[in-house]
Amino acid sequence: MKKLGRSFFHQDAIKLARALIGTILVHRVRGKEYRARIVETEAYLGPNDLASHSSKGRTKRTEVMFGPAGHAYVYLIYGMYNMFNIVVGKTGKAQAVLIRAAEPLDEWQADLSGPGKLTRALKITRSYHSMDLCGDRLYLLSGSRIRLRIKRSKRIGVEYANEWKDKLLRFYDADSPAVSGNVSCRTRPSNAMLL
DNA sequence: GCGTCGATGGCA
DNA sequence: GCCATCGACGCG
């Protein structure tokens with residue numbers, strides 16, 4: 001498994017949202033290392049995409065999305081949840097991929113089956129906003145993609161986005177119990193436990 | 001197993 | 001006054 005570098009993140013948001021499924025998110029903090037396999041993402045395509053925060057234009061919060069790829073876009077939603085996104089695509093296109101769900105790896109037990117639950121368990125807070133993901137603190141590793149079945153659907157929670165609300169920009173591992181809204185992830189052991 | 005609803009704070 | 005959410009509650 002190789003650390004994913006800058007050029008990986010320069011790909012278009014749709015390609016990348018798909019390519020990120022099965023990769024490993026690594027967070028090193030206070031002497032510990034948390035690793036999780038990403039199983040669900042959403043692509044946000046830039047200022048034309050009414051579901052994307054970059055459609056509001058450049059603000060203090062969205063500024064990082066207009067910069068180079070491979071940085072974190074983290075924001076607070078509903079007063080209590082942090083959303084973790086990766087800035088992707090060509091510089092200035094203001095595209096991002098939201099990381100929505102993952103499976104914990106190693107001996108670590110956690111419920112990462114939703115974007116708010118994922119950041120809470122992985123301890124990704126707003127202090128990570130604009131962090132370079134090509135560093136040593138929070139980064140990605142290529143994962144195994146054999147027998148990977150990726151499905152797509154409309155994005156979650158963007159009903160306000162007019163003609164953009166139904167576009168198939170959510171990607172998920174069809175065989176993962178940790179995909180958000182999947183009831184079986186609460187009644188059945190995770191893939192990691194079955195080994 | 002479902003639908004509904006309240007929490008809670010930054011942002012435009 | 002919105003929200004790229006979650007979890008608790010009531011139902012029958």
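Naming convention: chains lettered A, B, ... in sequence-line order (proteins, then strands); numbering from 1 in each chain. Bear in mind the structure is a predicted one, so any value in this text is a computation, not a measurement.
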Without decimals, in angstroms, what is the distance between [X] [atom1] and [N] [atom2]?
| X | N | atom1 | atom2 | result |
| --- | --- | --- | --- | --- |
| A:K117 | C:dG7 | NZ | C1' | 9 Å |
| A:L118 | C:dA4 | CG | C1' | 13 Å |
| A:K154 | C:dA4 | NZ | P | 15 Å |
| A:N182 | C:dG7 | CG | C1' | 17 Å |
| A:R126 | C:dC3 | CZ | P | 19 Å |
| A:R100 | C:dC6 | CZ | P | 7 Å |
| A:L98 | C:dT5 | CG | C1' | 11 Å |
| A:E40 | C:dT5 | CD | C1' | 12 Å |

At under 4.0 Å, does any side-chain N or O of A:K165 touch on OP1 or OP2 of C:dA4?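 No, outside the criterion.
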
Short side-chain N/O contact from A:R120 to OP1 or OP2 of C:dG7, under 4.0 Å: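 Yes.
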
Can you name the closest pair of heavy atoms from [X] and [Y] and give their distance?
| X | Y | answer |
| --- | --- | --- |
| A:A13 | A:V97 | O-CG2, 3.8 Å |
| A:S180 | A:A101 | N-CB, 4.1 Å |
| A:V39 | A:V179 | O-CG2, 4.0 Å |

For A:E159 and A:K154, what are the C-alpha separation, side-chain angles and deciding distance, and is it a salt bridge (charged side-chain N to carboxylate O under 4.0 Å, His left out)? CA-CA 10 Å; A:E159 291 307 303; A:K154 57 194 277 194; 3.7 Å; yes

Assess the side chains of A:R137 and A:Y128: does a donor N or O sit below 3.5 Å from an acceptor N or O? yes

Kindly indicate whether the side chain of [X], heavy atoms from C-beta on, has any atom under 4.5 Å from the side chain of [Y].
| X | Y | result |
| --- | --- | --- |
| A:S52 | A:Q95 | no |
| A:F8 | A:C134 | no |
| A:E42 | A:L169 | no |
| A:K123 | A:L138 | no |

Scan A:T59 against the nucleic acid and name what it touches under 4.0 Å (heavy atoms): base, sugar-phosphate only, or nothing. sugar-phosphate

Could you check whether A:R61 gets within reach of a base, just the sugar-phosphate, or nothing at all, counting any heavy atom under 4.0 Å? sugar-phosphate

Taking N or O atoms only and anything under 3.5 Å, show me the protein contacts with nucleotides 10-12 of chain C, one pair per line.
none

Below 4.0 angstrom, which residues in residues 75-92 of chain A have at least one non-hydrogen atom near DNA chain C?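 The answer is A:Y75, A:I77, A:Y78, A:Y81, A:M83, A:N85.
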
Using both distances under 3.5 Å as the test, list the Watson-Crick or G-U wobble partner of B:dA7, or none. C:dT5

Separation of the C1' atoms in C:dG7 and B:dG10, to the nearest angstrom: 22 Å

